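Quick notes on the structure that follows.
Keep in mind the model is a prediction, meaning the values are calculated, not measured. No hydrogens, no waters, no symmetry mates; every other heavy atom, side chains included, goes into these values.
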Amino acid sequence: MSDDTAPWLIVGLGNPGAEYAGNRHNIGFMVADLLADRMRGKFKAHKARAQVVEGRMGPPGPANRRVVLAKPMSFMNLSGGPVTALRDFYKVPLERIVAIHDELDIDYPTLRLKLGGGDNGHNGLKSMTKSMGPDYHRVRCGIGRPPGRMQVADFVLKDFSSTERKELEWFVDRAADAVECLIAEGLERAQSSYNS
């Protein structure tokens with residue numbers, strides 16, 4: 001069982017740089033930014049090639065958890081390096097690591113939470129799993145499949161469409177709620193509340 005004093009490491013996956021900020025692939029960063037706002041924290045550079053906010057999350061009392069919120073600055077397909085470095089620096093057990101990421105095989109705007117599993121072709125997860133093994137939590141933010149013959153890489157690196165943007169703020173807010181529920185109340189409770 002994990003050490004109860006260890007923090008949770010919550011990782012929003014995305015690509016650094018203004019040109020990627022509104023991309024579907026960056027929904028993990030969007031959720032991390034909202035969580036940082038809720039924690040009243042500001043991201044600061046960490047030597048692990050990541051931006052981090054340290055603080056607490058959850059209601060007052062025993063469900064209030066120490067968390068490290070992170071955005072790897074290495075580009076998506078190299079996320080495993082910074083996440084592993086943060087895990088080692090903060091001594092976080094694998095079952096207290098949460099990856100927030102875009103998911104092609106789930107319709108927009110649908111959430112699914114799970115522990116472990118494959119990477120489903122997601123390069124950020126592939127990199128994390130290669131570095132640490134698969135047994136970390138995932139908050140999967142559905143973005144749907146590309147239309148027509150559009151390549152997956154082109155689709156995930158495009159901004160959300162104007163139609164999608166109407167629901168984006170609600171979706172990011174809901175994903176942040178799901179992360180907070182996972183940390184405070186556990187996976188089963190978060191799944192029953194947020195998996196749709």
Side-chain angles (χ1 to χ4, degrees), residues 2-18 20-23 25-76 78-103 111 113-115 122 124-125 127-129 131-132 135-141 168-169 171-187 189-190 194:
S2 66
D3 168 12
D4 235 27
T5 60
W8 284 76
L9 174 58
I10 301 166
V11 182
L13 293 181
N15 286 310
Y20 299 107
N23 290 179
H25 222 19
N26 270 41
I27 194 162
F29 273 17
M30 296 173 198
V31 177
D33 286 339
L34 178 58
L35 287 167
D37 286 348
R38 290 182 181 185
M39 290 165 64
R40 295 185 177 78
K42 287 248 182 291
F43 280 101
K44 294 182 176 68
H46 190 280
K47 64 182 181 183
R49 285 184 310 152
Q51 298 270 326
V52 301
V53 173
E54 295 179 50
R56 301 195 78 84
M57 185 179 284
N64 189 265
R65 309 279 186 225
R66 196 157 73 92
V67 298
V68 178
L69 188 57
K71 297 192 295 188
M73 292 287 120
S74 58
F75 287 95
M76 182 68 88
L78 299 171
S79 300
V83 177
T84 303
L86 290 170
R87 176 200 68 184
D88 295 347
F89 183 84
Y90 290 103
K91 300 180 172 50
V92 181
L94 192 56
E95 69 274 12
R96 285 202 179 182
I97 296 176
V98 181
I100 310 164
H101 64 92
D102 57 309
E103 177 67 66
L111 280 178
L113 288 83
K114 70 174 187 174
L115 175 63
H122 192 289
L125 296 181
S127 177
M128 283 180 62
T129 297
S131 297
M132 307 185 302
D135 297 326
Y136 51 89
H137 288 89
R138 296 102 190 276
V139 176
R140 304 154 74 208
C141 303
L168 185 57
E169 193 178 327
F171 190 30
V172 168
D173 198 58
R174 187 169 162 79
D177 290 347
V179 171
E180 291 179 341
C181 182
L182 169 64
I183 302 297
E185 301 184 57
L187 180 62
R189 181 64 188 269
Y194 293 96

TODO: Heavy atoms only: give me the nearest Ala36-Leu69 pair and the separation to one decimal.
DONE: N-CD2, 3.3 Å

- [ ] Provide the closest heavy-atom pair for Asn64 versus Pro59 in the form atom of the first, atom of the second, distance.
- [x] CB-O, 3.0 Å

TODO: Drop me the distance from Met30's CE to Lys71's NZ, to the nearest 0.5 angstrom.
DONE: 10.5 Å

Open item on the list: For Arg189, is the CZ atom crowded, meaning more than 12 foreign heavy atoms sit under 6.0 Å from it?
Closed with: no

TODO: Could you tell me the separation between the CD1 atom of Ile10 and the CG atom of Leu182, rounded to the nearest 0.5 Å?
DONE: 8.0 Å

Open item on the list: Checking the side chain of Arg49 only, and the main-chain atoms of Met73 only, is there a donor and an acceptor separated by less than 3.5 Å?
Closed with: no

TODO: Using the six-membered ring of Tyr90, assess whether NZ or CZ of Arg87 lies under 6.0 Å from its centre and within 45 degrees of the ring axis.
DONE: no

Task: Sub-4.5 Å side-chain heavy-atom contact between Phe89 and Leu9 - done: no

Task: Arg66 side, atom CZ; Arg96 side, atom CZ - distance, nearest 0.5 Å - done: 9.5 Å

Open item on the list: Can you tell whether the side chains of Asp102 and Arg140 come within less than 4.0 Å, N to carboxylate O?
Closed with: no

Open item on the list: Counting C-beta onward and ignoring hydrogens, is there a side-chain heavy-atom pair between Ser79 and Val11 closer than 4.5 Å?
Closed with: no

- [ ] Please determine if Arg38 and Glu180 form a salt bridge, counting it only when a charged side-chain N lies under 4.0 Å from a carboxylate O.
- [x] yes

Task: Side-chain (Ser127) to main-chain (Gly124) donor-acceptor, under 3.5 angstrom - done: no

- [ ] Could you pull out the closest heavy-atom pair between Gly12 and Ala32, with the gap in Å?
- [x] CA-CB, 4.2 Å

TODO: Fit a plane to each ring of His122 and His101, take the angle between them on a 0 to 90° scale, and name the class: parallel (under 30°), tilted (30 to 60°) or perpendicular (over 60°).
DONE: perpendicular

Open item on the list: Counting C-beta onward and ignoring hydrogens, is there a side-chain heavy-atom pair between Leu86 and His46 closer than 4.5 Å?
Closed with: yes

TODO: Name the orientation class of the two ring planes belonging to Phe75 and Tyr20 (parallel below 30°, tilted from 30 to 60°, perpendicular beyond 60°).
DONE: perpendicular

Task: CE on Met57 to CZ on Arg65, rounded to 0.5 Å - done: 11.5 Å

Open item on the list: Do Pro7 and Val68 have side chains that approach each other closer than 4.5 Å (heavy atoms only, starting at C-beta)?
Closed with: yes

TODO: Measure the SG-OH distance between Cys181 and Tyr194 for me, rounded to the nearest 0.5 Å.
DONE: 5.5 Å

TODO: Please report the shortest heavy-atom distance between Thr84 and Met132, naming the atom on each side.
DONE: OG1-CG, 3.4 Å

Open item on the list: For Asn26 versus Gly14, what's the shortest heavy-atom pair and its separation?
Closed with: OD1-CA, 3.5 Å

- [ ] Could you walk me through whether Leu13 and Leu125 pass side-chain contact (heavy atoms from CB on, under 4.5 Å), step by step?
- [x] CA-CA 9 Å; Leu13 293 181; Leu125 296 181; 4.1 Å; yes

TODO: Considering non-hydrogen atoms only, spot the tightest contact between Cys141 and Ile27 and give its length.
DONE: CB-CG2, 3.8 Å

Task: CA sep, side-chain torsions, deciding dist, call: Tyr136, Thr129, side-chain contact (heavy atoms from CB on, under 4.5 Å) - done: CA-CA 9 Å; Tyr136 51 89; Thr129 297; 2.9 Å; yes

Open item on the list: Students often mix this up, so state it plainly: with edges at 30° and 60°, are the rings of Trp8 and His137 parallel, tilted or perpendicular?
Closed with: tilted

Task: Spacing of CZ belonging to Phe29 relative to CD1 belonging to Ile100, to within rounding of 0.5 Å - done: 11.0 Å

